[in-house]
**Q** 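I have a structure here, written as structure tokens, and I will follow up with some questions on it.
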Amino acid sequence: MRSKIVAGNWKMNKNLDEGLALTSEIVNMFKDEVNSDALAIIAAPFPLLSGVNGLIKDTDNVFLAAQTCSEYASGAYTGEVSTSMLSSVGVAYVILGHSERRGYFHESDEILAKKTDTVLQAGMKPIFCCGESLETRESGDHFKFVCDQLTAGLFHLDADAFSKVVIAYEPIWAIGTGKTASAEQAQEMHEKLRAHVAEKYGKDIADDTSILYGGSCKPGNAAEIFAGKDVDGGLIGGASLKSRDFVDIIKAF
Ligand code: 13P
């Protein structure tokens, strides 16, 4: 059965003290208030990972993620962070292909396919992001565009490797804009993505793949969005920076 997941992507926010305080609040609220089997994932900036891990490592349902990684294993790549470094500080998931990485840092489908392999080889799980611009949606090509992103980044994997991947659908026009996709738009895209996975890997693997929605998800709209039968949780930006909002989103299940 697929997992229900709410992942907080802190992006380039929070220094160490702020990040540790936020994590403690989330862990305490989660313990006291969350009684579903949903998993929480915290995707903190690199310098905070080890400290955040210290606060979550003894919990059952809170996991650590990085926001990207190098496609190289080790060596003379100044400024890069390898998957073995990440796994050594307790990282279990790595976000790959966020539209901010694809856009601002020119991460191509080829690089993302390599990063996917590197993450899986290190025993971690990719949270692989896809999503269309407003222009693509208005052109009517959005389903094909987003399915093609999955094909290019993931479909070289064998079935066993693919079964470790989490997918996150994040329409670019809904990220940080306050303009969320409607519950119908999210469900419709998730259904297409699951059918696309089923065509390649079969129905059982598709049914077991968690597909998260991201883009202006908040406590006020999470329950409606998560009610979609193919929506298995959220990848949360702005609202993950406040413990109350993040935990209330988890409680939306
Ligand atoms: P917002 O929730 O701030 O729109 O960000 C979504 C996102 O990009 C998560 O990765």
Side-chain angles (χ1 to χ4, degrees), residues 1-11 13 22-44 56 59-65 92-93 95 98-99 125 127-132 134 137 142-143 146 165-195 197 206-253:
M1 221 186 58
R2 55 189 188 251
S3 307
K4 292 175 177 165
I5 298 172
V6 178
N9 176 9
W10 291 359
K11 307 191 180 183
N13 293 293
L22 175 57
T23 304
S24 297
E25 289 166 16
I26 291 169
V27 167
N28 289 332
M29 286 183 189
F30 193 98
K31 186 163 52 120
D32 293 344
E33 301 176 23
V34 177
N35 48 23
S36 72
D37 52 5
L39 310 180
I41 298 176
I42 295 177
I56 65 166
T59 68
D60 290 332
N61 293 344
V62 186
F63 294 91
L64 187 62
Y93 295 83
I95 298 176
H98 193 285
S99 56
K125 297 180 179 184
I127 301 176
F128 189 89
C129 303
C130 53
E132 81 287 358
L134 189 56
R137 177 160 282 263
H142 47 296
F143 295 126
V146 176
V165 174
V166 174
I167 294 169
Y169 168 57
E170 298 205 310
I172 298 170
W173 47 272
I175 296 177
T177 57
K179 187 174 180 223
T180 179
S182 67
E184 292 74 30
Q185 285 171 321
Q187 166 54 30
E188 181 183 51
M189 181 63 85
H190 285 221
E191 192 173 340
K192 289 274 194 275
L193 289 171
R194 198 176 304 285
V197 171
D207 281 347
D208 281 349
T209 303
S210 296
I211 308 180
L212 316 183
Y213 168 80
S216 299
C217 193
K218 303 178 207 44
N221 59 26
E224 195 188 347
I225 294 172
F226 296 173
K229 72 176 171 44
D230 290 293
V231 181
D232 307 307
L235 181 54
I236 318 299
S240 73
L241 299 173
K242 292 192 186 128
S243 52
R244 182 70 274 155
D245 286 357
F246 186 59
V247 174
D248 281 349
I249 292 173
I250 301 169
K251 286 162 71 179
F253 276 119

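Basis for what follows: all heavy atoms, side chains included, without hydrogens, waters or symmetry-related copies.
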**Q** What heavy-atom pair brings K229 and Q187 nearest, and what distance separates the two atoms?
**A** N-OE1, 3.1 Å
**Q** What pair of heavy atoms forms the shortest contact from I225 to A183, and how long is it?
**A** CA-CB, 4.2 Å
**Q** Which heavy-atom pair separates I250 from A40 by the least distance, and what is that distance?
**A** CD1-CB, 3.8 Å
**Q** Once rounded to the nearest 0.5 Å, what's the spacing between atom CD of E132 and atom CD1 of I172?
**A** 7.5 Å
**Q** Measuring from atom CD1 of I26 to atom CZ of F246, what distance do you get when rounded to the nearest 0.5 angstrom?
**A** 5.5 Å
**Q** Could you go through the side-chain contact (heavy atoms from CB on, under 4.5 Å) check for L235 and I95 one step at a time?
**A** CA-CA 10 Å; L235 181 54; I95 298 176; 4.1 Å; yes
**Q** What is the distance from atom NZ of K192 to atom NE2 of H142, rounded to the nearest 0.5 Å?
**A** 8.5 Å
**Q** To the nearest 0.5 Å, how far apart are CD1 in I42 and CD1 in I236?
**A** 12.5 Å
**Q** What pairs with D232 under side chain to side chain donor-acceptor pair (under 3.5 Å), at least two apart in sequence or on another chain?
**A** R2, R194
**Q** What are the two closest heavy atoms between I249 and P219, and how far apart are they?
**A** CG1-N, 3.6 Å
**Q** Verify side-chain contact (heavy atoms from CB on, under 4.5 Å) between V197 and I211, making sure each step is shown before the conclusion.
**A** CA-CA 11 Å; V197 171; I211 308 180; 5.7 Å; no
**Q** Can you name the ring pair (Phe, Tyr, Trp, His ring centres under 6.0 Å) partners of F226, sequence neighbours left out?
**A** F253
**Q** By the side chain to side chain donor-acceptor pair (under 3.5 Å) test, which pairs, at least two apart or in different chains, include something from residues 212-226?
**A** T180-Y213
**Q** Could you tell me which residues satisfy side chain to side chain contact (heavy atoms under 4.5 Å, CB included) with K179, sequence neighbours excluded, listed by chain and number?
**A** W173, T177
**Q** What residues form a salt bridge (charged side-chain N to carboxylate O under 4.0 Å, His left out) with E184, not counting sequence neighbours?
**A** none
**Q** Output, in order, the C-alpha distance, side-chain angles, deciding distance and verdict of side-chain contact (heavy atoms from CB on, under 4.5 Å) for D230 and Y169.
**A** CA-CA 11 Å; D230 290 293; Y169 168 57; over 6 Å; no
**Q** Rounded to the nearest 0.5 Å, what separates atom CZ in F128 from atom OG1 in T209?
**A** 13.5 Å
**Q** Does any N or O in the side chain of E25 come within less than 3.5 Å of the main-chain N or O of R244, such that one atom is a donor and the other an acceptor?
**A** no
**Q** Please report the shortest heavy-atom distance between A239 and D245, naming the atom on each side.
**A** O-CB, 3.4 Å
**Q** Quick one: list whatever passes ring pair (Phe, Tyr, Trp, His ring centres under 6.0 Å) with F30, sequence neighbours left out.
**A** none
**Q** Answer whether the closest heavy-atom distance between the side chains of C130 and L193 falls below 4.5 Å.
**A** yes
**Q** Can you see which heavy atom on S3 is nearest to which on S210, and at what distance?
**A** O-OG, 2.7 Å
**Q** Given I175 and H98, is the side-chain contact (heavy atoms from CB on, under 4.5 Å) satisfied, shown in steps?
**A** CA-CA 11 Å; I175 296 177; H98 193 285; 4.1 Å; yes
**Q** Drop me the distance from N28's CG to S243's OG, to the nearest 0.5 angstrom.
**A** 9.5 Å
**Q** May I ask you to test the I5-V166 pair for a side-chain heavy-atom distance under 4.5 Å?
**A** yes
**Q** Taking side chain as C-beta onward, heavy atoms only, is I127 less than 4.5 Å from N9?
**A** no
